[in-house]
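Structure record follows, encoded as structure tokens.
Below, chain A is the first sequence line, B the second, and so on; all start at residue 1.
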Number of protein chains: 2
Amino acid sequence: MSSNNDKHLTTEHIHLMETRYRAKLINSLSGFKSANLIATKNTQGHTNLAVVSSVIHLGSDPALIGYITRPTSVQRDTLSNITTTKEYTINQISSNFWQAAHQTSARYSENESEFELVGLTEQYIKHFSAPFVKESRLKYALILTDIIPIHANNTKLIIGKVTDIICDKTALKSDGYIDIECLNTTCISSLDSYHTTIRLSRLSYAKPGKKLKRLSVNGEIID
Amino acid sequence: MSSNNDKHLTTEHIHLMETRYRAKLINSLSGFKSANLIATKNTQGHTNLAVVSSVIHLGSDPALIGYITRPTSVQRDTLSNITTTKEYTINQISSNFWQAAHQTSARYSENESEFELVGLTEQYIKHFSAPFVKESRLKYALILTDIIPIHANNTKLIIGKVTDIICDKTALKSDGYIDIECLNTTCISSLDSYHTTIRLSRLSYAKPGKKLKRLSVNGEIID
């Protein structure tokens with residue numbers, strides 16, 4: 001049973017909550033969320049930038065990354081550009097530009113570029129039309145591979161294959177681990193709270209009956 | 001173009017990486033991941049506990065939470081129990097038991113309970129068969145609503161509807177925001193690094209042409 005410090009909310013409580021109260025509460029449940037900007041360009045050359053907290057790892061081989069979108073949201077331009085051009089970039093949000101990143105969630109019109117409006121800089125690589133965010137220190141280009149409808153609430157899982165990764169050299173460790181903490185990558189809780197992190201440690205691969213070892217950021221055994 | 005500090009990895013580089021190197025690198029791209037334990041019980045009464053870093057918010061009304069699973073992984077018992085019983089719980093991992101949580105990823109046999117093996121405690125509510133993790137200060141019960149196959153890499157998106165939430169009272173703010181940082185909720189980077197957080201601040205709802213305001217944890221304007 002619950003302890004005295006615990007609040008127990010039931011289906012009935014959740015159902016009766018005021019809409020925005022419920023949105024903040026339910027958005028707190030999944031834990032810390034990744035903080036990313038998705039950048040696209042439409043066929044007329046207009047760029048678009050959207051803060052997204054639902055980017056998720058799907059697999060390493062092939063390298064697939066997904067995110068969840070609600071077709072009617074302010075991200076509709078992003079989805080429309082991805083569907084048309086098949087190209088987009090995902091850019092980790094660092095504490096150096098977290099407020100500019102959040103500002104991209106304002107409901108700007110289709111022909112306004114969030115880059116210019118919030119003060120972030122477009123960056124390009126050869127043979128890829130979508131812009132990167134220059135200020136981001138870990139970012140990657142994706143080609144759309146699949147859009148999976150989630151009928152339960154009319155959202156979609158957008159899946160892309162990673163083609164190009166641009167990463168600050170200092171963060172890439174010899175075993176493939178990228179120290180996103182040293183890049184000041186932020187995370188999000190609920191709808192509007194941004195956080196930086198403090199590493200507890202890396203941990204060794206868990207095996208039955210074997211004590212875990214703490215690992216340094218470089219993957220070396222600490223104790 | 002990239003700056004001199006940047007490493008640019010192409011599709012060819014990614015393709016040629018050693019498997020574990022690529023897994024650590026690609027798992028770093030999505031940003032910080034949520035850290036949760038999924039708890040289930042099979043029809044014989046054996047409990048199961050699995051650390052999962054792919055739990056994701058899908059929607060607030062109805063309250064839907066998803067996670068990604070690879071059917072052949074160590075999480076196969078979890079998936080099998082969810083499919084059979086339709087009931088499971090998700091429990092945020094705090095810095096008070098992060099190492100025990102990571103240890104649940106060891107390949108234990110089907111009839112061994114990770115609860116006992118890693119030293120965590122089962123907790124139950126009425127009318128729900130799956131256990132909660134007593135040590136977790138924010139946790140919720142879910143009823144399976146959908147399993148969506150992701151054909152691109154043979155993974156699945158498991159979707160559940162939240163029925164009961166158990167949360168430390170002190171963390172629940174008057175506007176619905178839950179201060180998961182004060183609960184010492186951790187997040188994960190790549191495959192094996194655990195982190196606690198430091199709040200930058202909450203931010204006001206973004207509107208075009210309007211300066212963002214920083215908000216306290218209680219949602220009050222700071223500046």
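- Interface remark: A/Pro149 contributes backbone atoms only to the contact with chain B (heavy atom separation under 4.5 Å).
- Residue B/Leu138 touches chain A through its side chain alone, counting heavy-atom pairs closer than 4.5 Å.
- Looking only at side-chain heavy atoms (C-beta outward), A/Leu200 and B/Ser95 come within less than 4.5 Å of each other.
- Closest heavy-atom contact between B/Ser30 and A/Gln92: C-NE2, 4.1 Å.
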Legend entry - Residue pair A/Arg214, B/Gln99: steps toward the side-chain contact (heavy atoms from CB on, under 4.5 Å) verdict: CA-CA 9 Å; A/Arg214 296 173 69 233; B/Gln99 289 178 296; 3.4 Å; yes
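- By the 4.5 Å heavy-atom criterion applied to side chains, B/Lys24 and A/Arg202 are counted as neighbours.
- A donor-acceptor contact under 3.5 angstrom links the side chains of A/Tyr177 and B/Ser193, judged on distance only.
- Rounded to the nearest 0.5 angstrom, A/Asn36 CG and B/Phe32 CZ are separated by 11.0 Å.
- Heavy-atom pairs under 4.5 Å with chain B were tallied for A/Glu18, A/Gln103, A/His151; the largest tally goes to A/Gln103.
- Using a 4.5 Å cut-off between heavy atoms, B/Lys207 contacts chain A through its backbone alone, with no side-chain atom that close.
- Highest contact tally toward chain B, considering only A/Ser54, A/Gly209, A/Ala171, is held by A/Ser54 [criterion: heavy-atom pairs under 4.5 Å].
- Of the residues considered (B/Ser174, B/Ala23, B/Cys167), B/Cys167 shows the highest number of contacts with chain A, using heavy-atom pairs under 4.5 Å.
- In this structure, A/Ser34 contributes its side chain and B/Gly31 its backbone to no donor-acceptor pair below 3.5 Å.
- Residues B/His8 and A/Ile125 meet the side-chain proximity criterion, which asks for heavy atoms closer than 4.5 Å.
- Between the A/His102 side chain and the B/Ser204 main chain, a donor and an acceptor come within less than 3.5 Å of each other.
- When each of B/Glu181, B/Arg20, B/Lys33, B/Met17 is scored by its heavy-atom pairs under 4.5 Å with chain A, the top score falls to B/Glu181.
- Distance check: B/Lys173 NZ to A/Ser28 OG gives 11.5 Å after rounding to the nearest 0.5 Å.
- Interface check for chain B: of the options A/Asp175, A/Val217, A/Asn153, A/Leu215, the most heavy-atom pairs under 4.5 Å are formed by A/Asp175.
- For chain B, the nearby parts of A/Tyr194 are the backbone and the side chain; heavy atoms of each come within less than 4.5 Å.
- No other option in A/Ile26, A/Leu25, A/Leu203 has as many heavy-atom pairs under 4.5 Å with chain B as A/Leu203.
- Looking only at side-chain heavy atoms (C-beta outward), A/Leu172 and B/Lys7 come within less than 4.5 Å of each other.
- By the 4.0 Å N-to-carboxylate-O rule, B/Arg22 lies close enough to A/Asp61 to be salt-bridged with it.
- Taken to the nearest 0.5 Å, the OH atom of B/Tyr21 stands 13.0 Å off from the OG atom of A/Ser60.
- In this structure, B/His13 NE2 and A/Asp164 CG are separated by 10.0 Å, a value rounded to the nearest 0.5 Å.
- Within a 6.0 Å radius of NZ in A/Lys161, other residues, nucleotides and ligands contribute 12 heavy atoms or fewer.
- Listed here is the closest heavy atom pair of B/Lys169 and A/Asp6: CE-O, 3.8 Å.
- Distance check, rounded to the nearest 0.5 Å: OG of A/Ser190 to CD1 of B/Ile180 gives 8.5 Å.
- Summarising the geometry, atom CG belonging to A/Asp192 is positioned 10.5 Å from atom CG belonging to B/Leu212; distances are rounded to the nearest 0.5 Å.
- Your options are A/Val55, A/Ile165, A/Thr10, and the one with the most heavy-atom pairs under 4.5 Å with chain B is A/Ile165.
- Here the options are A/Leu58, A/Ile56, A/Ile150, A/Ile148, the test is side-chain contact (heavy atoms from CB on, under 4.5 Å), and the partner is B/Leu157; only A/Ile150 passes.
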Inset, instruction - Take B/Ile198 and A/Thr197 through the test side-chain contact (heavy atoms from CB on, under 4.5 Å) and record every step on the way to the result. - result: CA-CA 6 Å; B/Ile198 308 174; A/Thr197 62; over 6 Å; no
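- Scanning all heavy atoms of the two residues, the minimum distance from A/Ile14 to B/Ala63 falls at CG2-CB, 4.4 Å.
- Your options are A/Asn27, A/Leu29, A/Thr185, A/Thr11, and the one with the most heavy-atom pairs under 4.5 Å with chain B is A/Leu29.
- When heavy atoms are compared at a cutoff of 4.5 Å, A/Glu12 does not approach chain B at all.
- Taking B/Gly176, B/Ala141, B/Ser189 one by one and counting their heavy-atom pairs under 4.5 Å with chain A, the maximum is reached by B/Gly176.
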